[in-house]
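Computed from a predicted model, the values in this text were never measured in an experiment. Position 1 is the first residue of the sequence; numbering continues from there. Only heavy atoms go into these numbers, but all of them, side chains included; no hydrogens, no water, no symmetry mates.
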Amino acid sequence: MTNRQFNRRQFLTTSGLATSALLSAPAFSMMKKEKRRLALVGTGIRGTSFWGKRILDQYSDIIEFVGLCDINPGRLEFGKNYIGADCDTFTDFDEMMNTRKPDLLMVTTVDATHHQFIIKGLEMGCDVLTEKPMTTDEIKCQAILDAEKKSGKKLIVGFNYRWAPHFTKLKELLAVERVGKLTSVDFHWYLNVYHGASYFRRWHGLRDRSGTLLVHKATHHFDLLNWWIDSDPVEVVAHGELEHYGYNNPFRSGKCRGCPHKSKCDFYWDITKDEHLMNLYVNNEHHDGYIRDRCLWNKDIDIYDKMAVQIKYANDVQVSYSLTTYSPYEGWRVAFNGYHGRIDSWQDIPWMRQDKINQSELHAKEMSQDKNETFNDYDEVMVMDNFKDYEMIKIPRGGGGHGGGDKRLHDKIFRDPDMADPYQHSAGSRDGAMSVLIGIAARKSIEENRMVRIEELTDLQPSVKRIT
Ligand SMILES: NC(=O)c1ccc[n+]([C@@H]2O[C@H](COP(=O)([O-])OP(=O)(O)OC[C@H]3O[C@@H](n4cnc5c(N)ncnc54)[C@H](O)[C@@H]3O)[C@@H](O)[C@H]2O)c1
């Protein structure tokens with residue numbers, strides 16, 4: 001292919017989504033007289049900011065917090081004040097559920113504990129909304145599926161990435177087979193030396209807490225793949241190593257604060273400069289011993305820092321996926337190969353945008369719930385038909401977390417659950433299960449050096465067309 005064939009750039013500006021129109025549909029919950037009673041377990045950074053404070057700021061006309069729970073009483077108290085909730089706090093989950101009887105339980109604890117609260121919540125007659133990953137192993141996954149079936153209640157998994165305009169545009173193009181029948185996908189995700197390193201400082205670095213990044217982080221990416229491809233995964237083969245963080249460094253200390261090696265450690269991070277993290281974690285260390293600025297060279301870190309996964313789907317689509325955790329820049333690339341062409345897309349690859357991106361601030365900006373916060377004006381998708389020229393589609397990036405996706409997710413859950421959803425953004429337990437099962441299968445594939453079939457793991461049978 002010569003350069004000449006690439007020189008006609010046809011920019012199509014698109015609103016990115018049909019959802020803005022859909023959001024104006026009548027608000028079902030607004031018509032209800034009583035507020036929905038919400039309880040939340042896990043008052044860490046995600047529970048208090050994305051779910052706690054944001055819900056109260058945006059939906060206090062239809063939602064009331066009736067209880068907050070955490071095993072760390074200090075973080076619980078700080079979290080309650082930060083959210084601004086007028087409700088009781090509990091260190092005993094059962095007591096909260098029995099005395100407050102919520103309609104909806106929000107689970108935002110450490111990944112490996114989600115199942116306890118999901119199952120109890122369902123058994124106690126509550127709908128449950130859980131953060132990703134739904135859970136961390138196949139046994140807990142089966143127990144969650146069984147509990148939901150038995151309870152007749154609903155489990156929602158908060159997959160916020162699906163709602164981002166950029167990802168939705170890709171779904172839209174694939175749904176109409178813009179480049180013909182899909183045959184294979186290349187998907188590569190790069191975590192930079194700030195965001196990527198942060199996983200190794202926290203509980204995420206321990207596989208019995210996070211299930212490894214193949215579950216904790218890649219659940220987002222596997223869910224996108226399942227949703228885009230619109231089929232279930234069947235077979236998984238993976239490789240993974242820990243060859244950068246953890247035991248790989250010659251020196252280490254307990255935590256960054258007071259570290260004798262700080263002058264020679266590129267990863268030294270001063271948590272004392274962040275007042276919010278000091279209040280949430282450091283000032284409450286004495287309750288549970290959880291160190292938020294733990295040394296990322298600790299020898300007990302037992303997750304992979306580079307991962308490569310091959311997935312075969314029930315509709316014969318093949319996927320090559322990789323995740324790296326020490327890239328100089330943060331971003332991703334995806335390519336969809338169809339019978340008649342190819343769709344390429346990417347985000348935050350610095351040289352492609354010729355941008356000066358501040359890598360240390362990038363992740364915080366992406367997570368920011370400030371709707372005025374924009375740090376890049378648009379994303380791009382390239383569509384190219386075989387034997388023809390290519391076209392570029394520009395997707396405006398909104399503020400308010402994940403390019404505006406976070407707001408759409410919350411509106412659908414809280415403001416208007418009956419809102420039309422032609423691209424099936426909403427995710428339930430089957431979606432939650434299928435995404436973690438790829439990560440669990442990948443982990444098993446690495447450990448047992450073999451191809452793992454998804455049907456080995458739970459009683460879910462992969463379907464050629466995704467079941468919603
Ligand atoms: N969707 C996303 O983009 C996204 C982003 C960040 C985090 N998350 C998810 O949100 C969840 C919370 O992550 P975080 O970053 O807030 O972690 P965090 O460590 O800040 O918070 C977890 C909280 O759970 C509490 N906890 C742990 N075990 C508990 C138990 N048995 N009972 C009650 N409380 C318990 C801890 O004390 C802590 O306050 C995780 O599941 C994570 O994967 C999702």
Answer whether the closest heavy-atom distance between the side chains of [X] and [Y] falls below 4.5 Å.
X      : Y      : result
Phe336 : Ile229 : no
Ile454 : Asp232 : no
Thr212 : Ile446 : no
Ser320 : Gln310 : yes
Asn226 : Ile438 : yes
Tyr326 : Val193 : yes

message: Within the supplied structure, the quantity of interest is the number of heavy atoms (other residues, nucleotides, ligands) at a distance under 6.0 Å from Glu241 CD; does it exceed 12?
response: no
query: Does Lys53 make a cation-pi contact with Tyr82, if we ask for NZ or CZ under 6.0 Å from the ring centre and within 45° of the axis?
result: yes
Lys NZ or Arg CZ of Lys171 over Tyr423 ring: under 6.0 Å, within 45°: no
How long is the span from the [atom1] atom in [X] to the [atom2] atom in [Y], to the nearest 0.5 Å?
X      : Y      : atom1 : atom2 : result
Met106 : Leu129 : CE    : CG    : 4.0 Å
Leu122 : Lys149 : CG    : NZ    : 13.0 Å
Arg294 : His204 : CZ    : NE2   : 13.0 Å
Phe222 : Lys132 : CZ    : NZ    : 12.5 Å
Lys153 : Glu148 : NZ    : CD    : 11.5 Å
Thr325 : Asn192 : OG1   : CG    : 10.5 Å

message: Run the salt bridge (charged side-chain N to carboxylate O under 4.0 Å, His left out) test on Asp385 and Arg178 for me, step by step, so that the C-alpha distance in whole Å, both residues' side-chain angles and the decisive distance to 0.1 Å come before the verdict.
response: CA-CA 9 Å; Asp385 297 303; Arg178 174 61 188 80; 2.9 Å; yes
Quick one: do [X] and [Y] make a salt bridge, cutoff under 4.0 Å?
X      : Y      : value
Asp431 : Arg162 : yes
Lys394 : Glu380 : no
Asp146 : Lys150 : no
Arg397 : Asp379 : yes
Lys120 : Glu123 : no
Arg37  : Asp103 : no

query: Run the side-chain hydrogen bond (donor to acceptor under 3.5 Å, both in side chains) check on Tyr390 and Arg342 step by step: do they pass?
result: CA-CA 9 Å; Tyr390 67 100; Arg342 177 172 159 110; over 6 Å; no
field: Ser345: partners by side chain to side chain contact (heavy atoms under 4.5 Å, CB included), with sequence neighbours left out
entry: His166, Leu170, Trp332, Val334, Val381
Hey, would you say the [X] and [Y] ring centroids sit under 6.0 Å apart?
X      : Y      : result
Tyr161 : Trp189 : yes
Trp228 : Phe167 : yes
Tyr245 : Tyr199 : no

field: Criterion ring pair (Phe, Tyr, Trp, His ring centres under 6.0 Å) on Phe50 and His410, from CA distance to verdict
entry: CA-CA 10 Å; Phe50 181 75; His410 279 169; 4.4 Å; yes
statement: Applied to residues 437-446, the side chain to side chain donor-acceptor pair (under 3.5 Å) test, sequence neighbours excluded, yields Glu138-Lys444
task: Answer yes if the side chains of His114 and Thr135 hold a donor-acceptor pair under 3.5 Å, and no otherwise.
output: no
task: Kindly indicate, with the supporting measurements, whether the criterion side-chain hydrogen bond (donor to acceptor under 3.5 Å, both in side chains) is fulfilled by Thr43 and Asp70.
output: CA-CA 6 Å; Thr43 55; Asp70 200 286; 3.2 Å; yes
- request: Begin with the C-alpha distance, continue with both residues' side-chain angles, and end with the deciding distance and a verdict on salt bridge (charged side-chain N to carboxylate O under 4.0 Å, His left out) for Asp111 and Arg209.
  value: CA-CA 6 Å; Asp111 299 351; Arg209 309 255 73 202; over 6 Å; no
message: Applying side-chain hydrogen bond (donor to acceptor under 3.5 Å, both in side chains) to Asn248 and His244, what does each step give before you reach the verdict?
response: CA-CA 6 Å; Asn248 291 290; His244 188 277; over 6 Å; no
